[in-house]
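Chain A is the first sequence line, chain B the second, and so forth, proteins listed ahead of strands; every chain is numbered from 1.
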Amino acid sequence: MRLYNTLTRSEEPFAPLRGQQVRMYTCGLTVYARGHIGNFRTFVCLDVLRRALKHLEGYDVRQVMNYTDVDDRTIKESQKAGRPLREYTDQYIAAYLEDAATLGLETVEETPRATDEANLRAMTEMVQALEKNGHTYRSDGSIYFKISTLPKYGQLARLDHEGIKPGARIDTDKYDKEDARDFVLWKATTPDEPTWDFGAGPGRPGWHIECSAMALRLLDGAPIDIHAGGVDLVFPHHENEIAQAEGATGEPFCRFWVHVEHLLLGEGEKMSKSVGNIFTVQDVLAKGFRASALRYVLLAVHYRKQLRFTWASLAQADEALTRVMDCLARLDAVTRPGAHDDLTAKVASARKGFAEMMAADLNTPGALGVMFELVRAVNAAIDAGQIGTDDVAAIRDVFDYFDQVLGVISVRRADDAAPPVPVDEIERVIGERKAARSRRDFAEADRIRDELAKRGIVLEDSAQGTRWKRK
RNA sequence: GGCGCCGUCGCCAAGUGGUAAGGCAGAGGUCUGCAAAACCUCCAUCCCCGGUUCAAAUCCGGGCGGCGCCUCCA
């Protein structure tokens, strides 16, 4: 598989360093509020990355995704809510898990929290190693990383320090730093803030230290294979993670850096909690859209391109997925045994084409194209009667193969598992309508169909009988 | 001010040197009690201007337009 590596700014063939195991760290949510669909674009894309590594490449994936449960915002919001930090962040971890399940994200191997004691101890050890290696200084009770001590600083973001001129907003006097680009490792706390002391003095973690420390602790040391997150993390977060890990261990931190581009709203602005223009997964569901449509939208644009989110795109995605589901449903009516060479060949080339698209830096839009070409071929074969039950088995198998990675069909099935009208009622009413039709009482038949349509159930008549589906 | 990305049909979106995938929407037709679904047919020369090449949406240069990072951020 070829993956674009931010570190080299180029696409490179990927293979894990140690045997068949891919050790991957992905930056998760800061749990001070419910994640929005921009956050979930990143998570869904990285879910597809992990699925491709597992199911297409056959690797054993060990993924760590953190919850940042201590920082300025979590502290501020928990204080505002008058609740202990841990309790406050618990609810947003639960909300994340709910949304992740709704969107069909696979469960990752480890989900550490920054405030778990083992992690705080690992961070402390890293800070101490950095102090020992001469990369730090103390000021007003905080410990800072002194970037001038690390010549390689800046390798990921490639920022031209000299280019930072008027116009750039630099965090200047908030803290007493020797250089504007120095960053805090261990932060002095006020009496009302959570404070820990495992050997580096009382304080709390700086933003970046948790990821460096937890990645090395839970992925068995440097270098890890993949580190991923949203593009906005390239600088300063990931750059500083590299500085910390490499300053402490003297070894390269990570081999592949993968960054997912932003989701933008229709007008073209970035979604941001501070601006208030955000939508959550729950907001999308509340508008009547399926979770599967959202997942589809998030995969219909390559992960390294900005995705302009609109409600119309959700409706289009839902229609597109309906086409796939209808095709799969039509297979149920095939009863003739056997296989057809033409279809067999089309299924095989679709499987191959799909894998090639995914191996080309996760070209999900291209992979969807391959899937739809097969949909067309299958529909044509059904209409022509050129399909047998062996073909059906092979077709179902290849769609399962697609969906192991894309995950849109399984989410759609989950969406539709609980229709707005109970299944036994639908089936009873369909029976009544069938009787009406056979006595040519079409007015009654139409009335029944309209009635169900109003309640979100669509009926389709065919030679094989009447099929229902959720609208 | 510095660094970087992007501009393909009405909408969304692949393709990145060999003559434009796919989805949605639309038009006509077949099928159907009607409807839906499905199938068939139709529907772009790739922001503009130069250049390189036998050949460019794809490479180079210059414009115009949109966006991101340099600051908390997925």
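Nucleotide B:rC34 holds its C1' atom 15 Å from the CD1 atom of A:I448, rounded to whole Å. Taking atom CZ of A:R9 as the reference point, atom C1' of B:rC69 lies 10 Å away to the nearest angstrom. Summarising the geometry, the separation between NE2 on A:H208 and P on B:rA74 is reported as 13 Å, rounded to the nearest angstrom. B:rA37 atom C1' lies 15 Å from atom NZ of A:K471, rounded to whole Å. The distance between atom CZ of A:R304 and atom P of B:rC6, rounded to the nearest whole Å, is 8 Å. Across the protein-nucleic acid pair, A:L298 atom CG and B:rG23 atom P stand 20 Å apart, rounded to whole Å. Separating the CE atom of A:M358 from the P atom of B:rA14 is a distance of 13 Å, rounded to the nearest angstrom. Rounded to whole angstrom, the span from the CZ atom of A:R447 across to the P atom of B:rC34 amounts to 21 Å.
Across all strands shown, A:A300 has heavy atoms under 4.0 Å from sugar-phosphate atoms exclusively, and none from any base. A:V260 comes within contact range of no nucleotide atom at all, as no heavy-atom separation falls under 4.0 Å. As judged by a 4.0 angstrom heavy-atom cut-off over every strand, A:D461 is placed among the base-contacting residues. Across all strands shown, A:N379 has heavy atoms under 4.0 Å from sugar-phosphate atoms exclusively, and none from any base. Contacts of A:L46 with the nucleic acid, taken as non-hydrogen atoms under 4.0 Å apart, are absent. As judged by a 4.0 angstrom heavy-atom cut-off over every strand, A:G369 is placed among the base-contacting residues. Among the heavy atoms of the strands, none lies under 4.0 Å from A:R439.
Remark: A:D192 pairs with no residue by the salt bridge (Lys or Arg N to Asp or Glu O under 4.0 Å) rule, at least two apart or across chains.
With B:rC11, B:rA14, B:rC67 as the choices, the nucleotide that has an atom nearest any side-chain atom of A:Q316 turns out to be B:rC11. Closest to the A:D326 side chain, of the nucleotides B:rA37, B:rC24, B:rA14, is B:rA37. For A:H302, whose side chain is taken as the heavy atoms from C-beta onward, the closest listed nucleotide among B:rA36, B:rA14, B:rA21 is B:rA14. Of the candidates B:rA74, B:rC40, B:rC69, B:rC69 carries the atom nearest the A:F235 side chain, counting heavy atoms from C-beta on. Here the nucleotide nearest the side chain of A:R449, chosen from B:rG15, B:rA35, B:rG68, is B:rA35. Listed nucleotides: B:rA38, B:rA14, B:rA36. Nearest to the side chain of A:V458: B:rA36. Distance from the side chain of A:E319 is smallest to B:rA25 among B:rA25, B:rA74, B:rA14. Comparing B:rA14, B:rA74, B:rG66 against the side chain of A:R308 picks out B:rG66 as the nearest. Closest to the side chain of A:K305, from the set B:rA37, B:rC67, B:rA14, is B:rA14. Closest approach to the A:R376 side chain among B:rC40, B:rG33, B:rA13 is made by B:rC40 (side chain taken as heavy atoms from C-beta onward).
The nearest heavy atom of RNA chain B to A:A360 and to A:T42 marks one nucleotide each, and the one closer to the 5' end goes with A:A360. Of the two residues near RNA chain B, A:R330 and A:G28, the one whose nearest nucleotide lies more 5' is A:R330.
Phosphate proximity of B:rG23 to A:R323: present, with a side-chain N or O under 4.0 Å from OP1 or OP2. Residue A:S462 places no side-chain N or O under 4.0 Å from the OP1 or OP2 atom of B:rU32.
Across the strands present, B:rG10 finds its partner in B:rC24; the criterion is a Watson-Crick or G-U wobble pair with both atom distances under 3.5 angstrom. B:rC69 is paired with B:rG2 under the Watson-Crick or G-U wobble criterion, all donor-acceptor distances under 3.5 Å. When both distances must be under 3.5 Å, the Watson-Crick or G-U wobble mate of B:rU45 does not exist. Both distances falling under 3.5 Å, in either a Watson-Crick or a G-U wobble arrangement, place B:rC54 opposite B:rG18.
Using P as the reference atom, B:rG50 and B:rC43 are 29 Å apart when rounded to the nearest Å. A distance of about 22 Å separates the P atoms of B:rG26 and B:rC31, rounded to the whole Å. Rounded to the nearest Å, the gap between the P atom of B:rG68 and that of B:rA25 is 31 Å. Remark: the separation of the C1' atoms in B:rA13 and B:rC6 is 14 Å, to the nearest Å. To the nearest whole angstrom, the two P atoms, one in B:rG10 and one in B:rC46, are 13 Å apart. Separating the P atom of B:rC59 from that of B:rG15 is a span of 12 Å, rounded to the nearest Å. Comparing B:rA21 with B:rA44, their C1' atoms sit 13 Å apart, to the nearest whole Å. Across B:rU30 and B:rG23, the matching C1' atoms stand 23 Å from one another, rounded to whole Å.
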- prompt: Do A:R467 and A:D326 pass the salt bridge (charged side-chain N to carboxylate O under 4.0 Å, His left out) test, and can you show the C-alpha distance, the side-chain angles, and the key distance before you say yes or no?
  reply: CA-CA 10 Å; A:R467 191 157 69 79; A:D326 284 339; 3.7 Å; yes

- prompt: Do A:D72 and A:R204 pass the salt bridge (charged side-chain N to carboxylate O under 4.0 Å, His left out) test, and can you show the C-alpha distance, the side-chain angles, and the key distance before you say yes or no?
  reply: CA-CA 10 Å; A:D72 291 348; A:R204 62 179 170 93; 2.8 Å; yes

task: Just do the salt bridge (charged side-chain N to carboxylate O under 4.0 Å, His left out) check on A:R396 and A:D332 with the steps written out, would you?
output: CA-CA 10 Å; A:R396 289 215 172 99; A:D332 294 341; 2.7 Å; yes

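Between the side chain of A:R437 and the base of B:rG33, a donor-acceptor pair under 3.5 Å is found. Judged by atom type and distance alone, A:D446 reaches the base of B:rG33 through a side-chain donor-acceptor pair under 3.5 Å.
Ring-to-base geometry places A:F442 in a stacked arrangement with B:rG33 (centre distance under 5.5 Å, plane angle under 30°).
We find that A:D318 and A:R412 are joined by a salt bridge, their nearest charged nitrogen and carboxylate oxygen being less than 4.0 Å apart. The existence of a salt bridge linking A:R449 and A:D446 is confirmed by a sub-4.0 Å separation between a basic side-chain nitrogen and an acidic carboxylate oxygen.
Cation-pi geometry between A:R34 and A:Y96 is not met at under 6.0 angstrom from the ring centre and within 45 degrees of the axis.
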Would you be so kind as to tabulate the donor-acceptor pairs closer than 3.5 Å made by side chains of residues 369-381 of chain A, with sequence neighbours excluded?
{"residue": "A:N379", "atom": "OD1", "partner": "A:R330", "partner atom": "NH1", "Å": "2.8"}
{"residue": "A:N379", "atom": "ND2", "partner": "A:V375", "partner atom": "O", "Å": "3.4"}

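Relative orientation of the A:F309 and A:W311 rings is perpendicular, given thresholds of 30° and 60° on the angle between their planes.
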